[in-house]
Amino acid sequence: MSIVIAVDGPAASGKGTLAKKLAAHFGFHHLDTGALYRLVALGVVEAGADPADEPAALKAALAVDPARSGDPAIRTKDIGRIASQVSVYPTVRAALFDFQRSFSAREPGAVLDGRDIGTVICPEAAAKLFVDARPEVRAHRRWLELKDQGPSEVEILIDVKARDERDRSRAAAPLKPAPDAYLLDTSDLDIEPAFAAALEAVRPAIEEKLKALPKG
Ligand code: C5P
């Protein structure tokens, strides 16, 4: 039985970095589920389709190749925005469900980060974190990543707020903490102290599960 850590939170909250570090710490696999929605967005753009066209978004979702998750083309502001537009469709979410579920079953464990891991994809996860930070702090972090592409910090703040609003208010799998998630605000924390807090929050549950694993 695999051990799952669910890490959810809004854009640029630090959840991806924390998820990666937790996976490395425990020797678990890591899945950035946002990359899957970004690949759907890229598929829609490459097909010359409109993000408002649900059948086109579904077609792109069914054709997603997770091996392309490292493609820099998905790391732009526009693809982030289109990802949040296509992710409102329940059909798109359903098309990506099985891949995420099978990934979460990888031995000895998996860390998945996204918006609905603790609530929809892996409600039975051994440990759940909901990572957040003030919008201005998140926009600044995203600007540091994207500044070579030209957008101003204010443009990014507007975009981050619009994306949060869309992710939180959608009917299908909205962004919200699972009732049993540990809430971690990284606004005033650098990476290392944030990781120490995340590790402290998940460690008891994960160590208990690791102890229960058959030896050998
Ligand atoms: O995390 P990232 O910013 O890469 O995600 C891009 C978009 O994909 C999010 O704004 C959200 O709309 C969508 N997403 C989602 N469910 C997930 C992960 C991402 O709806 N589990």
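Atoms within each ligand, like the ligands themselves, are counted from 1 in listed order. Counting from 1, the numbers follow the sequence of the chain as shown.
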Participant: Report whether Leu18 and Val111 are members of the same hydrophobic cluster (ILVMFWY, side-chain heavy atoms less than 4.5 Å apart, transitive linking).
Facilitator: yes
Participant: For Ala201, what residues pass the side chain to side chain contact (heavy atoms under 4.5 Å, CB included) criterion, not counting sequence neighbours?
Facilitator: Leu129, Tyr182
Participant: Do any pairs count as a ring pair (Phe, Tyr, Trp, His ring centres under 6.0 Å) and have a residue in residues 29-58, sequence neighbours left out, and if so which ones?
Facilitator: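 Of all non-adjacent pairs touching residues 29-58, none passes ring pair (Phe, Tyr, Trp, His ring centres under 6.0 Å).
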Participant: Thinking salt bridges, do Arg142 and Glu155 make one under a 4.0 Å N-O criterion?
Facilitator: no
Participant: Can you confirm whether Arg166 sits close enough to Ser84 that some side-chain heavy atom of one is under 4.5 Å from a side-chain heavy atom of the other?
Facilitator: yes
Participant: Taking distance alone, no hydrogens or angles, what donor-acceptor pairs closer than 3.5 Å link side-chain atoms of residues 44-53 to residues at least two apart or in another chain?
Facilitator:
| unit_1 | atom_1 | unit_2 | atom_2 | d |
| --- | --- | --- | --- | --- |
| Glu46 | OE2 | Arg68 | NH2 | 3.3 |
| Asp50 | OD1 | Ala52 | N | 2.8 |
| Asp53 | OD1 | Ala56 | N | 3.3 |

Participant: Near ligand 1, which protein residues have a heavy atom under 4.0 Å away?
Facilitator: Lys15, Thr33, Gly34, Tyr37, Arg38, Ala83, Ser84, Ser87, Arg93, Gly114, Arg115, Asp116, Arg163, Asp167, Arg170
